[in-house]
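Below is one structure; the comments refer to it alone.
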Amino acid sequence: MSTCFSEATLSDRDMARLDALYEQLCLANADSIGYPGAKDFSYVDLASFLTLPLNNIGDPFSKSTYRVDTREIEREVVSFFADLTNAPKGDWWGYVTNGGTEGNLYGLYLARELLPKGMVYFSEDSHYSVSKNLHVLGMRHVMIRSQANGEIDYDDLREAISIHRDVPPIIFANIGTTMTEARDDLAKINAILDHLAIRNRYIHADAALCGGYAAFLDPKPNYDFADGADSISISGHKFIGAPIPCGIALARKAHVSRVARAIDYIGSLDTTISGSRSGFTPLLLWYRIRSLGKRGLRARLQYSLSLAEYTQRQLQSIGIKAWRNPNALTVVFPRPSERVKQRWQLATNDEIAHVIVMPNVTREQIDNFVADIAKESSIPCNA
Ligand SMILES: Cc1ncc(COP(=O)(O)O)c(C=O)c1O
């Protein structure tokens with residue numbers, strides 16, 4: 001039996017407006033190569049789920065009174081990423097977030113509950129949301145200098161921790177900085193803490209972009225639970241690719257037990273940041289990892305790595321000082337003209353810009369991009 005409201009439809013005018021918006025978005029989407037969102041996906045098989053009021057409220061690992069959920073699927077998604085990040089067997093927990101920022105907030109929240117007097121150390125190249133998260137949580141923090149490639153300056157980190165040796169350190173490590181995809185090395189960070197005989201510590205890994213593929217890199221960066229991370233945040237809409245922002249937060253289970261509270265109203269545990277949570281985004285991530293598998297993800301990574309190398313070479317061939325961190329999909333170069341920035345939707349920061357070679361980017365797009373930049377430089381394009 002349907003209600004009268006279920007038959008409500010849009011007017012022709014509103015439909016036309018949606019059509020026009022869709023066209024406009026497709027155009028904008030076509031040549032955007034400056035932000036890290038993969039676009040090589042289609043989730044039309046999941047359309048029927050849009051007719052359901054899905055809600056994964058509460059903890060994905062505990063039952064809820066509300067059963068219109070995709071908790072089982074969510075558990076499979078987080079298990080997949082727990083496996084990729086070498087989470088300790090039987091001692092990890094995770095959930096699907098609204099994106100990398102929420103996963104970082106979650107990691108810092110756990111750190112604060114474990115080490116209430118802790119001091120957070122993070123590099124100046126960290127994502128802009130980190131300062132906001134620290135402000136929300138009211139945590140003491142010290143910003144650490146970055147090296148030229150965007151990686152944390154380990155000497156500055158050592159010195160800062162030495163000064164506050166009586167305060168437990170909480171390290172916010174970047175596993176792929178926003179602008180240069182630099183990866184802080186947990187082995188080096190742990191060596192500093194060991195050298196200073198600091199046992200009481202917490203390390204959060206912000207793997208917003210790289211978390212989707214770091215496990216497949218050779219050599220694997222030192223970023224995961226086996227390397228000493230206590231929590232990890234990954235964006236789902238970046239390398240994996242999704243039409244709705246989402247992410248994965250993972251943490252050692254013992255840490256999460258400290259914050260869990262049983263809530264009668266939902267018949268579940270309150271372990272997540274949001275109360276109501278999307279039941280649709282876990283389906284997107286599940287669909288993607290089931291259809292691609294580790295093999296597919298690895299193949300997309302190899303494709304992107306070789307096209308990133310090509311992009312760097314082509315830019316250099318027209319006299320642009322382009323560079324990349326080792327095994328990075330991000331090609332960094334001096335800030336171009338405003339026209340080029342707008343045309344290709346390039347993210348800029350002070351004097352630098354970047355292209356992020358996601359698996360959907362084609363060689364033809366790169367050639368067109370390089371030719372476009374060449375128009376403004378004195379060296380003719382030989383792309
Ligand atoms: C290093 C880093 N951390 C965190 C974020 C925030 O992730 P999200 O946009 O998924 O919230 C980003 C986004 O670009 C990022 O580059």
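Note that the coordinates shown come from a computational prediction; the quantities given were computed from them, not determined experimentally. Throughout, residue positions are numbered sequentially from 1 according to the sequence presented. For the numbers below, each heavy atom of this structure counts, side chains included, while hydrogens, waters and symmetry mates do not. Every number for a ligand or one of its atoms is a count from 1 in the order of the listing.
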Can you find an N/O atom of G176 closer than 3.5 Å to an N/O atom of ligand 1? no
Would you say the rings of F61 and W92 are close, in the sense that their centroids are separated by under 6.0 Å? yes
Donor on one side chain, acceptor on other, T177 and D125, under 3.5 Å: no
So is there a nitrogen or oxygen of T178 less than 3.5 Å from a nitrogen or oxygen in ligand 1? yes
NZ or CZ of R277 within 45° of Y95 ring axis and under 6.0 Å: no
H354 side chain vs M179 backbone, donor-acceptor pair below 3.5 Å: yes
Any heavy atom of L209 closer to ligand 1 than 4.0 angstrom? no
List ligand 1 atoms under 4.0 Å from A208, heavy atoms only on the residue side. 2 (C), 3 (N), 4 (C), 5 (C), 12 (C), 15 (C)
Please tell me whether W323 and N149 have a donor and an acceptor in their side chains that are separated by less than 3.5 angstrom. no
What do you reckon, are the aromatic ring centroids of Y202 and H255 less than 6.0 Å apart? yes
State, without any angle test, whether N98 and S278 hold a side-chain donor-acceptor pair at a distance under 3.5 Å. no
With heavy-atom distances below 4.0 Å as the criterion, list the atoms of ligand 1 near S235. 7 (O), 8 (P), 10 (O)
Please identify which atoms of ligand 1 are closer than 4.0 Å to at least one heavy atom of G99. 10 (O), 11 (O)
Ranked by distance from atom 13 (C) of ligand 1, the top protein heavy atom is K238 NZ, 3.0 Å
Can you list the atoms of ligand 1 that are under 4.0 Å from a heavy atom of H237? 9 (O), 10 (O)
Tell me, please: is E102 in heavy-atom contact with ligand 1, that is, under 4.0 Å? no
Other residues, nucleotides and ligands only: do more than 12 of their heavy atoms fall within 6.0 Å of CG on D14? yes
Does N174 reach ligand 1 with a nitrogen or oxygen that is under 3.5 Å from one of the ligand's nitrogen or oxygen atoms? no
Just to be sure I read this right, does ligand 1 sit under 4.0 Å from the backbone of N104, its side chain, both, or neither, counting only heavy atoms? side chain
Which ligand 1 atoms, with their elements, are less than 4.0 angstrom from a heavy-atom of T101? 6 (C), 7 (O), 8 (P), 11 (O)
Measure the distance from atom 12 (C) of ligand 1 to every protein heavy atom, then report the residue, atom name and distance (to 0.1 Å) of the closest one. H127 CD2, 3.2 Å
Shortest protein heavy-atom distance from atom 3 (N) of ligand 1, along with the residue and atom involved: D206 OD2, 2.6 Å
Pair Y223-N86, side-chain donor/acceptor within less than 3.5 Å: no
